[in-house]
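Notes follow the structure.
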Amino acid sequence: MNRYYVDLHIHIGRTWTGKPVKITGAKSLTFTNIIEHARHEKGLNMVGIIDSHSPEVILEMESLIQSGDVVEHPDGGLVFGDLTVIPGSELEIYDEQSNGPIHLLMFFSSLSIMREFSSWLSGHLKNIQLSSQRIYATGLVLQKKVKELGGIFIPAHVFTPFKSLYGKGVNQSLTEVLDPELIDAIELGLSSDTTMADQIKELHDYTFVTNSDAHSLAKIAREYQVIAMKEPTFLELQKALKKEDGRKIIANYGLDPLLGKYHKTVCAECHHPAAEEDQICTQCGNKKIVKGVADRILELKTAEQGPEDRPPYIHQVPLEFIPGLGPRLLEKLVDHFGSEMAILHDVPYEGLKEVVPERIADLILKARAGKVNLAAGGGGKYGKISD
């Protein structure tokens with residue numbers, strides 16, 4: 001088996017003609033820019049590009065295939081040099097079974113199947129051009145359609161206070177809105193990790209994935225996984241999520257949950273820490289309290305520990321979070337060592353010191369090992385790291 005770096009949740013901000021797709025996404029996030037940045041700057045081997053259902057994005061992919069820059073692999077996926085793209089979509093359900101909106105990810109093996117899915121979607125949502133749109137169908141109907149097309153189905157950032165399965169969508173169990181047999185994996189999100197998620201027993205049967213949910217090029221691979229596969233294809237990814245024939249996730253790499261935007265319960269206005277039962281902020285008097293992921297998981301807790309065969313979850317700080325490592329210095333590092341993956345995993349300390357100040361080289365090593373000092377985030381505000 002070979003080892004591959006994989007980030008399955010990257011948004012498209014604009015089409016190649018400049019039309020918006022993910023409204024909150026950066027304008028630089030076109031399909032072409034994403035694959036070039038993910039391959040050459042980040043050093044990833046496989047990416048899932050969400051919003052591939054948008055008709056103009058499909059046209060851009062078709063153009064790249066026609067020019068020969070991208071080739072469709074017979075086992076699924078779009079090949080761009082040593083990077084494989086898995087076309088994906090993020091959709092929102094908010095049906096009679098759910099308490100609030102829930103975001104879901106789905107992936108397909110080929111452009112023709114994505115085109116078929118996009119055509120079906122156009123009859124179930126208001127704007128087929130945009131990302132993360134509410135689909136006017138139940139979660140069960142969506143699951144069945146994805147499976148009919150041979151796709152992969154993954155609930156997204158499942159603990160986020162807004163627009164997620166456990167954060168808002170259900171009271172206690174995913175079975176309230178989805179068929180558990182038609183789920184291929186669970187995406188943890190930035191404010192939780194394996195240990196936290198495994199306090200919920202019904203998740204023990206699922207593979208956990210850690211993805212960036214990138215809304216800008218810089219955010220790509222802030223969370224990712226290393227997967228054992230023979231080659232980076234859709235079929236191999238399916239097997240890895242099911243842990244078949246030696247394919248599997250070797251390790252999840254992600255933020256320490258303290259760095260996530262929604263880890264602790266805080267006031268939505270001033271971000272002062274709040275108790276779970278607070279109805280009003282004791283600091284500023286604001287009446288909106290945002291429940292943190294840690295508190296929500298404690299509400300749902302049904303287990304003390306998870307399965308023994310879970311891959312390690314490695315708390316790793318993205319390079320852009322490191323104090324003093326600005327865009328220019330990061331660009332210098334990438335130019336020298338080839339990619340961010342090389343810097344995070346392979347470049348020795350002595351090599352780092354040749355390019356950046358010793359203080360920053362020290363922080364990179366601490367970030368690599370998850371040993372930096374942290375202040376918890378919450379209410380939509382990221383946590384911080386310090387020397």
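Just so it is clear, the model here is predicted, and its values are computed rather than measured.
- Taking all atoms of both residues into account, the shortest heavy-atom contact from L190 to N211 is CD2-O, 4.1 Å.
- The two residues V57 and S52 make their nearest non-hydrogen contact at CG1-CA, 3.9 Å.
- Residues P311 and I250 approach most closely at CB-O, 3.3 Å, considering heavy atoms.
- For the atom pair E244 CD and K239 NZ, the distance stands at 7.0 Å (nearest 0.5 Å).
- Under the 6.0 Å distance and 45° angle rule, R39 counts as a cation-pi partner of F80.
- The list of salt bridge (Lys or Arg N to Asp or Glu O under 4.0 Å) pairs with a residue in residues 348-358, not counting sequence neighbours, reads E350-K353.
- Residues S131 and I12 are not in side-chain contact: their nearest non-hydrogen atoms beyond the backbone lie 4.5 Å or more apart.
- Other residues, nucleotides and ligands place no more than 12 heavy atoms under 6.0 Å from the NZ atom of K144.
- The CD1 atom of I135 sits 9.5 Å away from atom CG of L104, with the distance rounded to the nearest 0.5 Å.
- P232 and T84 make their closest contact through O-OG1, 2.7 Å (heavy atoms, listed as atom of the first residue, atom of the second, distance).
- Residues in residues 85-113 take part in these salt bridge (Lys or Arg N to Asp or Glu O under 4.0 Å) pairs, two or more places apart or across chains: E92-K163.
- Checked by atom type and distance alone, the side chain of R296 pairs as donor or acceptor with a backbone atom of Y166 at under 3.5 Å.
- Separating the CZ atom in R14 from the CD1 atom in I23 is a distance of 6.5 Å, to the nearest 0.5 Å.
- The CD1 atom of I183 sits 6.5 Å away from the CZ atom of F153 when rounded to the nearest 0.5 Å.
- The ring-ring contact (aromatic ring centres under 6.0 Å, His included) check on Y206 picks up nothing, with sequence neighbours excluded.
- Listed by first then second residue, pairs satisfying salt bridge (Lys or Arg N to Asp or Glu O under 4.0 Å) with a partner in residues 195-214 read D198-R310, not counting sequence neighbours.
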Could you list the donor-acceptor pairs under 3.5 angstrom formed between side-chain atoms of residues 329-344 and any protein atom two or more places apart in sequence or on another chain?
{"unit_1": "S339", "atom_1": "OG", "unit_2": "A342", "atom_2": "N", "d": "3.2"}
{"unit_1": "E340", "atom_1": "OE1", "unit_2": "K42", "atom_2": "NZ", "d": "3.2"}
{"unit_1": "E340", "atom_1": "OE2", "unit_2": "K42", "atom_2": "NZ", "d": "3.0"}

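- In the hydrophobic clustering (ILVMFWY side chains linked at under 4.5 Å, chained through shared members), L235 stands by itself.
- Residue pairs meeting the salt bridge (Lys or Arg N to Asp or Glu O under 4.0 Å) criterion with at least one member in residues 52-68, sequence neighbours excluded: K19-E56, E62-R115.
- Interatomic distance, M61 CE to E72 CD, rounded to the nearest 0.5 Å: 9.0 Å.
- Pairs engaging residues 117-138 under the ring-ring contact (aromatic ring centres under 6.0 Å, His included) rule: F108-F117, F117-W120, W120-H124 [sequence neighbours left out].
- Hydrophobic cluster membership of I86, counting Ile, Leu, Val, Met, Phe, Trp and Tyr whose side-chain heavy atoms lie under 4.5 Å apart directly or via other members: Y4, V6, L8, M46, I50, L105, F107, I152, I154, V209, I227, M229, F234, L237, L241, I249.
- Residue pairs meeting the ring-ring contact (aromatic ring centres under 6.0 Å, His included) criterion with at least one partner in residues 270-316, sequence neighbours excluded, are Y313-H315.
- Pairs engaging residues 25-73 under the ring-ring contact (aromatic ring centres under 6.0 Å, His included) rule: none recorded [sequence neighbours left out].
- In this view, W16 satisfies the ring-ring contact (aromatic ring centres under 6.0 Å, His included) rule with no residue, not counting sequence neighbours.
- Exactly one residue among R247, K248, K230 makes a salt bridge (Lys or Arg N to Asp or Glu O under 4.0 Å) with E236. That residue is R247.
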